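Since this is a predicted model, take the numbers as computed values, not measurements.
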Protein chains: 2
Amino acid sequence: MPTERATLAEELLRGAGLRSTAPRRAVLEVVLGTPHASSGDIAGQLARAGRATSRQSLANVLDDLTGAGLLRSTQPAGSAVRYEARVGDEHHHLVCRGCGTVVDVECAHGAPPCLLPAGDPGFPVVERAEITWWGRCAECAGSPAR
Amino acid sequence: MPTERATLAEELLRGAGLRSTAPRRAVLEVVLGTPHASSGDIAGQLARAGRATSRQSLANVLDDLTGAGLLRSTQPAGSAVRYEARVGDEHHHLVCRGCGTVVDVECAHGAPPCLLPAGDPGFPVVERAEITWWGRCAECAGSPAR
DNA sequence: CGCCGTGTTTTGACTCCGTCAAGAGAAGGT
DNA sequence: ACCTTCTCTTGACGGAGTCAAAACACGGCG
């Protein structure tokens, strides 16, 4: 299965017009396998797999992949930026206040901005709505607040 | 007007059961006058007014005021935490991608979570929905992206 | 086949924001 | 007036992101 993901990563990169380099493939494979990973999570996985990269490279790669539309980023309040490879739709996120786990939530509308502000927004351009729900996952439903 | 805001701050603090101290009044006055200010913004204003406080004190005060329900915090992706004194409703925010300006958007529903995830959320508890719209303010409607 | 230019990665230093820990100081009750 | 408790300050630290510049690798061209 690493092979499957490896060739998938390769194809995705070429399809986006990016050079298929080792760090890019490695990062993309990690995000494909671990949605909502932070840059720290990714660095950890890469290091454990013997494919460590510098912080700066990781940042470059994540920027490149995001810019090319292969990744999407999201940043729940209080958290580092998280990356996911699910880019084909306008889904949203539900975050656990206890452990920080993020799960995807289908968007009821589909097309951005997917929801319009009530009343006059005050800005001439409104491109996108981002909805974050906060709650508690099954494991954290017992008390301790964050 | 500083006087008005000063006595208002005093009343708010006492009403919330907090001691009315100089740093708390000062911070509250700044946030009353500058909604969506970051801790850095607040520190700057305090310093310019000759009422500088340490970073730690500022953090303490902001935590206390937020915990007492006098302030609400929000953190648009890529920004520092921002504070506002509008705590009576469940409004949302519209953020300019160019300059970071934040404006309030009325909530069409009113009561939290104000919007429910479509389909099975996956968590047993969903307390709150937070909606952030991204766009461009009048001044930034000309090109440069962020 | 080998050179060269562009795109990619690495290194190292730095900033910003937030937090931990512990001591100094002020407020209010008895 | 004293003492307990809350509040504020100081100083050190860590995580996450960024800037700048040097090293490297790929791929086209001569």
Colleague: Enumerate the salt bridge (Lys or Arg N to Asp or Glu O under 4.0 Å) contacts for residues 74-88 of chain A, please, sequence neighbours excluded, ordered by first and then second residue.
Modeller: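 Listed once each, the pairs are A:R72-A:E84, A:R86-A:D89, A:R86-A:D104, A:R86-A:E106.
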
Colleague: Rounded to the nearest 0.5 Å, how far apart are NE2 of A:H92 and CD1 of B:I131?
Modeller: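 Going from NE2 on A:H92 over to CD1 on B:I131, the span is 8.5 Å.
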
Colleague: Quick one: pull up CG in B:L71 and CG in B:L65 and give me the separation to the nearest 0.5 Å.
Modeller: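 Nearest 0.5 Å value for the CG-CG distance: 4.5 Å.
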
Colleague: Less than 4.0 Å between a side-chain N and a carboxylate O, is that true for B:E29 and B:R51?
Modeller: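 Salt bridge flag = yes for B:E29 with B:R51.
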
Colleague: Between the protein and nucleotides 16-18 of chain C, list every N/O to N/O distance that falls short of 3.5 Å.
Modeller:
| unit_1 | atom_1 | unit_2 | atom_2 | d |
| --- | --- | --- | --- | --- |
| C:dG18 | OP1 | B:V81 | N | 3.2 |
| C:dG18 | OP2 | B:S39 | OG | 3.1 |
| C:dG18 | N7 | B:R55 | NH1 | 2.6 |
| C:dG18 | O6 | B:R55 | NH1 | 2.7 |
| C:dG18 | O6 | B:R55 | NH2 | 3.0 |

Colleague: Supply the atom-to-atom distance A:T132 OG1 to A:L94 CG, rounded to the nearest 0.5 angstrom.
Modeller: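 Output value for this atom pair is 9.5 Å.
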
Colleague: Between the opening five pairs and the closing five pairs of the helix from C:dG18-D:dC13 to C:dT30-D:dA1, how far apart are the helix axes, to 10°?
Modeller: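 Inter-axis angle at the termini of the helix from C:dG18-D:dC13 to C:dT30-D:dA1: 20°.
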
Colleague: Are B:V125 and A:W134 co-members of a hydrophobic cluster defined by side-chain heavy atoms under 4.5 Å apart?
Modeller: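 No, A:W134 and B:V125 fall in different hydrophobic clusters.
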
Colleague: Under the salt bridge (Lys or Arg N to Asp or Glu O under 4.0 Å) definition, can you give me all pairs with a residue in residues 32-48 of chain A, not counting sequence neighbours?
Modeller: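 Every pair satisfying salt bridge (Lys or Arg N to Asp or Glu O under 4.0 Å) with a residue in residues 32-48 of chain A: there are none.
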
Colleague: Return the minimal non-hydrogen interatomic distance between B:A16 and B:A68, and the atom names on each side.
Modeller: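 Heavy atoms of B:A16 and B:A68 come nearest at CB-CB, 4.1 Å.
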
Colleague: Just how far is it from atom OG1 of B:T53 to atom CG of B:L46, taken to the nearest 0.5 Å?
Modeller: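 Going from OG1 on B:T53 over to CG on B:L46, the span is 5.5 Å.
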
Colleague: Between which nucleotides of DNA chain D, read 5' to 3', does contact with chain B run, using atoms under 4.0 Å from its heavy atoms?
Modeller: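 Under 4.0 Å from chain B, the extent on DNA chain D is D:dC6 to D:dG11.
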
Colleague: Looking at A:V61, A:V30, A:T34, which hits side-chain contact (heavy atoms from CB on, under 4.5 Å) with A:I42?
Modeller: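 Only one of A:V61, A:V30, A:T34 forms a side-chain contact (heavy atoms from CB on, under 4.5 Å) with A:I42, namely A:V30.
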
Colleague: Is A:E10 salt-bridged to A:R14, cutoff N-O under 4.0 Å?
Modeller: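 Judged by the 4.0 Å cut-off on N to carboxylate O distance, A:E10 and A:R14 do form a salt bridge.
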
Colleague: Enumerate all atom pairs, one protein N or O and one N or O from nucleotides 7-9 of chain C, separated by less than 3.5 Å.
Modeller:
| unit_1 | atom_1 | unit_2 | atom_2 | d |
| --- | --- | --- | --- | --- |
| C:dT8 | OP1 | A:R24 | NH1 | 3.0 |
| C:dT8 | OP1 | A:R24 | NH2 | 3.2 |
| C:dT8 | O5' | A:R24 | NH2 | 3.3 |
| C:dT9 | OP1 | A:T21 | OG1 | 2.5 |

Colleague: Got a second to check how far A:Y83's OH is from A:T66's OG1, nearest 0.5 Å?
Modeller: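 The distance works out to 5.5 Å.
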
